[in-house]
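The structure is given below, and queries will be raised subsequently.
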Amino acid sequence: MATLPNQLPRLDLPAGTLVDTTVDGPWHEPLLWYADAPAQPGDWSRLRATGRPLGLLPVLIDGGRRDEGPRDWQLRPGDTTYPGDHDAEDVLSENWEAYADDEIEEAAPWPGLAPVPAASTPETPDELAAGIADMIADTARPALVPARRSADIPAAIGWSGPLNHENDVARLCAVLRSWEDRFDIRVVALGFDTMKVSVGRPPTTEAEAYALAAEHFAFCPDTIDSGPPDGLREYADKHLLGQEAWVFWWD
């Protein structure tokens, strides 16, 4: 895998923190930079314009109620593989088989990947991501991560948010890559165990949304209220159909 040298130590950035703290001790280079001050509208776009040519991408950092930053997130880059080494459908089908029978009343054999929706939003994927980032700016801090693809941001920092569900976040990043290709998603914000993504090509029919709901369950079972009688269908209707942002939370 060809990578650019980590440019974070060389950039003249606003007041903030270069994070190299992991569960195994200091990492050999900064995993990310995040600002001391809350994000302002336009920060995501400005950081993307500055960072992308240097192999850096923006994300918003949600500190939660305790305002705990990534130094408190138990980052695990040493346990994280490369997203390109995993197949998205293999990851999803394995997780579906492991969890669906116990938690989804209408569970059936893995249905396969959802189709690509026919329509997209008027904005480009990055314009949409910037708009969503601006809407939540005052609750988060801007950050830059050494990553070539937005889908790879969690793996690039060794994010451990899904640890109780998945030990290697790169496997979930393989799914994010697939969603980036099919649904034009961008990873907009990360918290200790939460993720928000923008969706430039959301499902526009009930059938598209329902097919995608199975992927969401396999990706993050805790997000979906799987109570009877129609857990996946209700989730699809309320949270996927025409929705330009998806939110995930791992217990």
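Starting from 1, each residue takes its place in the sequence as its number.
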Note to self: One pair to check against side chain to side chain contact (heavy atoms under 4.5 Å, CB included): V199 and I185. What are the steps and the verdict?
What the structure shows: CA-CA 4 Å; V199 188; I185 69 104; 4.3 Å; yes

Next item on the list: Test L11 against L56 for side chain to side chain contact (heavy atoms under 4.5 Å, CB included), laying out the working first.
Entry: CA-CA 11 Å; L11 284 183; L56 304 169; 3.4 Å; yes

Next item on the list: Could you tell me how the ring of W179 sits relative to the ring of F248: parallel (under 30°), tilted (30 to 60°) or perpendicular (over 60°)?
Entry: parallel

Check: Please walk me through it: do V188 and I136 pass side chain to side chain contact (heavy atoms under 4.5 Å, CB included)?
Finding: CA-CA 10 Å; V188 173; I136 61 174; 4.2 Å; yes

Next item on the list: With the side chain counted from C-beta on, respond yes when R182 and E215 share a heavy-atom pair under 4.5 Å apart, and no when they do not.
Entry: yes

Check: Do you know which two heavy atoms are closest between L57 and A147, and how far apart they sit?
Finding: CG-O, 3.3 Å

Notebook entry, point to check: Stepwise, does the side chain to side chain contact (heavy atoms under 4.5 Å, CB included) test hold for L32 with I61?
Noted result: CA-CA 11 Å; L32 74 154; I61 299 298; 4.0 Å; yes

Check: D168 side chain to T81 main-chain N or O, any donor-acceptor pair under 3.5 Å?
Finding: yes

Check: Would V91 and L113 show up in the same hydrophobic cluster when neighbours are defined by side-chain heavy atoms closer than 4.5 Å?
Finding: yes

Note to self: Under a 3.5 Å cutoff, is there a donor and acceptor pairing between the side chains of T223 and H216?
What the structure shows: no

Next item on the list: Evaluate the side-chain proximity of R171 to E94: yes if any heavy-atom separation is below 4.5 Å, no if none is.
Entry: yes

Check: With the 4.5 Å side-chain cut-off for hydrophobic clustering, are Y99 and I224 part of the same group?
Finding: yes

Item checked: Smallest separation among heavy atoms of D20 and E29, with atom names -> CB-O, 3.9 Å

Note to self: Do W110 and E89 pair up side chain to side chain, a donor and an acceptor below 3.5 Å, judged on atom types alone?
What the structure shows: yes

Item checked: Shared hydrophobic cluster, L176 / V145 (ILVMFWY, side-chain heavy atoms < 4.5 Å) -> yes

Note to self: Within the 4.5 Å heavy-atom criterion, are L190 and I157 side-chain neighbours or not?
What the structure shows: yes

Check: Taking the side chain from S160 and the backbone from W73, do they hold a donor-acceptor pair closer than 3.5 Å?
Finding: yes

Notebook entry, point to check: Out of curiosity, does W96 fall in the hydrophobic cluster containing Y210 (side-chain heavy atoms, cut-off under 4.5 Å, transitive links)?
Noted result: yes

Note to self: For the CD atom on E68, are there more than 12 heavy atoms of other groups (residues, nucleotides or ligands in this structure) within a distance under 6.0 Å?
What the structure shows: yes

Margin query: Quick one: does any side-chain atom of W27 pair with a main-chain N or O of V19 as donor and acceptor, under 3.5 Å?
Written below: no

Note to self: Tell me whether T121 contacts the main-chain N or O of G200 through its side chain, where contact means a donor paired with an acceptor under 3.5 Å.
What the structure shows: yes

Checklist line | Any E208 side-chain heavy atom under 4.5 Å of F183 side chain | finding: no

Notebook entry, point to check: What is the distance from atom OG1 of T80 to atom CG of L75, rounded to the nearest 0.5 Å?
Noted result: 9.0 Å

Check: So, the side chain of W249 versus the backbone of C220: is there a donor-acceptor pair under 3.5 Å, distance only?
Finding: no

Check: Is the closest side-chain heavy-atom distance between L172 and P154 below 4.5 Å?
Finding: no

Margin query: Restricting to non-hydrogen atoms, name the atom on G242 and the atom on P202 that form the minimum distance, rounded to 0.1 Å.
Written below: C-CB, 4.0 Å

Notebook entry, point to check: Quick one: does I132's side chain get under 4.5 Å of W44's, heavy atoms only?
Noted result: no

Margin query: Donor-acceptor check, side chain of Q7 to backbone of L54, threshold 3.5 angstrom: yes or no?
Written below: no

Note to self: By the definition salt bridge (charged side-chain N to carboxylate O under 4.0 Å, His left out), identify the one residue from D62, D67, D43 that meets it with R141.
What the structure shows: D67

Next item on the list: Give a yes or no on whether the backbone of P117 and the side-chain of R201 come within a donor-acceptor separation of less than 3.5 Å.
Entry: yes

Notebook entry, point to check: Same cluster for L212 and L128 if Ile/Leu/Val/Met/Phe/Trp/Tyr side chains link at under 4.5 Å?
Noted result: no

Checklist line | Taking every non-hydrogen atom, the tightest pair across S178 and A88 | finding: CB-CB, 3.6 Å

Checklist line | Heavy-atom side-chain proximity of N95 to H165 below 4.5 angstrom | finding: yes

Item checked: Nearest heavy-atom neighbours spanning A137 and Q40 -> CB-C, 4.0 Å

Margin query: With a 3.5 Å distance limit and no angle check, can you tell me whether N164 reaches the backbone of D251 through a side-chain donor-acceptor pair?
Written below: yes

Next item on the list: Examine F192 together with W250 and report whether their ring centres are nearer than 6.0 Å.
Entry: no

Margin query: Would you say CZ of R52 has more than 12 non-hydrogen atoms from neighbouring residues, nucleotides or ligands within 6.0 angstrom?
Written below: no

Notebook entry, point to check: Are any non-hydrogen side-chain atoms of S150 and I153 less than 4.5 angstrom apart?
Noted result: yes

Item checked: Short side-chain to backbone donor-acceptor contact, D152 and P83, under 3.5 Å -> no

